[in-house]
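Every heavy atom of this structure was used, including side-chain atoms; hydrogens, water molecules and symmetry mates were not.
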Amino acid sequence: ADCKRWGADAFAAALQRAGVSSADCKRLVAALAAPDSKGQRVVFRERGTTSLEAEWATLSGPSIGVGDAWAFAVAEEQQRMLGQVKLPLGTTIVETEHPYKAQSHSWSRSVTVKGSKELSIHFGSKCRTYDSCANLGIKKEISTAAGVGARVQFKTLGEESSCEQMRGTVIEPSSGGLMKVRIDDEDLRHSSIYVKMVSQAVLQKSTTSGHLDEDSKGSLVMCAEEQKRVKVRYGKGVKVGDEISGFVVDKTFLASPFSVAGFSGPGPAQEDGVQSGWFLDLGSTLQTDYTLGQVFAEQPPDAEADTDARLEHMLKLLQGFLDLTDVTLIFVNGLEANVLPSAHAKYGKDTTVGDEIAAFEASEGYLIISAFKDKGPAQEAGVEVGWRLNLDKVVGQGLIGAKSGSQNVLGQFLNKAEAISTEKLIAEPEKLLSMSSVTLFFEPASLDQPDIFTGSGDSGWGGGEPVKVPSDTATFHFVTDGDGVDFVDRRWGIFAVVVPAGGETPSQEVIDDLGERWVQVTERATGFANGMSLEQEDWDEARLRALCKRHGWEFEWMTEDGERHRRMRAGEERAREVATSATARGGGGEATWWSFSGTAEALKSKVWNRNAAGATQAQADVVRQEHEDPTLAAVDVRGLKLAAGPTR
């Protein structure tokens, strides 16, 4: 039987928060709930002849899948436990199975706590691996914090098959986990977005010159640290305009120009979390809804129209959506983006590089940041100690940066008569620190970061100092060769609590108590991988008879009389075999049996007698021959002598 189970009330509450209707929750609980061994009403994933999967299939269009439903209930309970111990927001648990499997395997998991400058990792006291060939490594990753100057890669709107990857630089962090990004001109020029938005004449000129037109330079996009994507359905009789007051277009956001202007009333979009300023994913909407796709297909913009005219034409078509019913629109809060391992640090005319960076160190043809003096644009962009300066881009500013003013700066620093070169910069790194009105380009010296912690065996886990990771992201990597199949206790595994540093440090007792309850909750929800069977611990008669029946054995209690009768029956069977063998040699049929039948009856009557003192003695019994044995009658016994001796 499968023992996956969950508290009925907690299960129903978790599903309702996930969007499952109250009526459906009641149906599931009614079909799957029963009292457990403690009398508490719980929901079993499998109960009798039904299961959660079977009952889920009967629901009317649930908002989530059956696997997600069970996982959501587990996650809800786990988050409730974290709240009870009052750990900081963003606390995450990283663990192996308990015990982990005695099979060769490995896994990796990255943990990010947004907004944290440092992570603190605490291990439970029970942490243990079989030996050093089963170990956990922790590696610091590049921070995902996207400050001004951070480089990001984002995915354009539309269906997955038509999305493009583009790059840009963060120019303004925004509220709500959003960031304003300037698109790289080169990426925009080669994108399908540019082809669709500019006239044929502009496109031809751009292709010939290899540069964007002036109007398209500096195009922006709003990226989200965590993208929210919502598909909103307006049913029959419900107009889009009953809820959405209109759409607006912004030419500066060329990759996502259309957004929600505001709301005129309640409706399904707001119920799903859509807010004013969210972007309409026009590409996905047109591919999802055939009716809307036909509207745009039948009314394309003029091929010679400029960007402004094209956008106004599309906006006019969008405003026509407001009168439609029975349509589906798709909205996003921003474009999906990832922070790249590089950064731009722009220093103004009143700020020198040395105001932030204490020193550069020359190493293998690079300038490496060896220390920071104070906060500044490089650290805001995510640059860390050990990152290196991209000298080629710095030199490039001096060669082609006349408009930016960097040429004059570098010319004064080096010597107007000398050629600007990376060698000159490396030879005099201290002079870089006095520069202002310049943009420096940084990148990690290596993307292959070394482990900052490695643990194995039964030492170095709980009770010691927490592992500090100077980033908002850490990667855990566990590997085992599969040894220790007979040592379950030595394969208990890993339980680690990752908390953002800076708050109150949890005690070891808090970590261990959380670990015990966390494992219990997980085991209760996961159940057993294989079927479960119950067996008695003691061997009673019923169990012994069942064992004998399975193997075809005869069951009998080991008593004195029982053993005596068993031996007598065994002797009788052997006698029958001897008689049968003699008959086969020609001694006659029934005549041969005379001696055994008479003897057996005599032996059965009395073999053992007990004297008055209770001692057991063998008594002589009179055995009479009832018939003449024809076999012995033919034997000449006149010369036969009988001898008696002790029994060996």
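Nearest heavy-atom pair, Pro470 versus Glu384, reported as atom, atom and distance to 0.1 Å: O-OE2, 4.2 Å. Contact detail for Ser116 and Ala501: the closest heavy-atom pair is OG-N, 4.0 Å. Scanning both residues, Ile183 and Ala255, for their nearest heavy atoms gives CD1-CB, 4.3 Å. Contact record, Ile494 with Leu136: CG2-CD2, 3.8 Å, taken as the closest heavy-atom pair. Annotation for Ala343 and Val383: closest pair CB-CG2, 3.7 Å, computed over non-hydrogen atoms. Pairing each heavy atom of Glu95 with each of His98, the nearest pair is OE1-NE2, 2.9 Å.
Considering Val274, Asn333, Ile330, Asp281 in turn, Val274 is the only one that fulfils the side chain to side chain contact (heavy atoms under 4.5 Å, CB included) rule with Val230.
One distance of note links CD of Gln227 with CD of Glu225; it measures 13.0 Å at 0.5 Å rounding. Taken to the nearest 0.5 Å, the NZ atom of Lys231 stands 12.0 Å off from the CG atom of Asp272. Here the straight-line distance linking atom OG of Ser22 with atom CG of Leu15 works out to 11.0 Å at 0.5 Å rounding. Separation of atoms CD (Gln84) and CG (Asp513) is listed at 9.5 Å; rounding is to 0.5 Å. For the atom pair SG (Cys163) and CD (Glu336), the distance works out to 8.5 Å, reported to the nearest 0.5 Å.
In this structure, a donor-acceptor pair under 3.5 Å is present between the side chains of Glu164 and Ser192. No side-chain donor from either of Thr480 and Arg491 sits under 3.5 Å from a side-chain acceptor of the other. Side chains of His477 and Thr475: no donor on one and acceptor on the other come within 3.5 Å.
For Ser370 (side chain) and Ala359 (main-chain N/O), a donor-acceptor pair under 3.5 Å exists by modelled atom type. The main-chain N or O of Glu55 is found under 3.5 Å from a side-chain atom of Thr58 such that the two form a donor-acceptor pair. Although no hydrogens or angles enter the test, the distance criterion places a donor-acceptor pair under 3.5 Å between the side chain of Asn390 and the main chain of Lys393.
The pair Arg490-Asp483 does not count as a salt bridge, with every side-chain nitrogen at least 4.0 angstrom from each carboxylate oxygen. Comment: Glu516 engages Lys126 in a salt bridge, judged by a side-chain N to carboxylate O separation of less than 4.0 angstrom. Under the 4.0 Å criterion applied to side-chain N and carboxylate O atoms, Glu364 and Arg388 are not assigned as salt-bridge partners.
Side chains of His105 and Phe478 form a contact here, defined as non-hydrogen atoms less than 4.5 Å apart.
Using a 30° and 60° split on the angle between ring planes, Phe442 and Phe360 fall in the parallel class, below 30°. Between Phe253 and Phe279, the two ring planes are tilted [angle within 30° to 60°]. Below 30°, between 30° and 60°, or above 60°: for Trp461 and Phe453 the angle between ring planes is above 60°, a perpendicular geometry.
Counting heavy-atom neighbours within 6.0 Å of Lys468 NZ, excluding the residue itself, gives a total above 12. For Tyr366, the OH atom sits in a loose shell: 12 or fewer heavy atoms of surrounding residues, nucleotides or ligands are nearer than 6.0 Å. Atom NZ of Lys114 has more than 12 heavy atoms from other residues, nucleotides or ligands within 6.0 Å. Around the CD atom of Glu226, the shell of radius 6.0 Å holds no more than 12 heavy atoms that belong to other residues, nucleotides or ligands. Within 6.0 Å of the CZ atom in Arg167, the count of heavy atoms belonging to other residues, nucleotides or ligands does not exceed 12.
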Stepwise side chain to side chain donor-acceptor pair (under 3.5 Å) test for Asp512 and Ser125: CA-CA 6 Å; Asp512 292 341; Ser125 298; 2.7 Å; yes
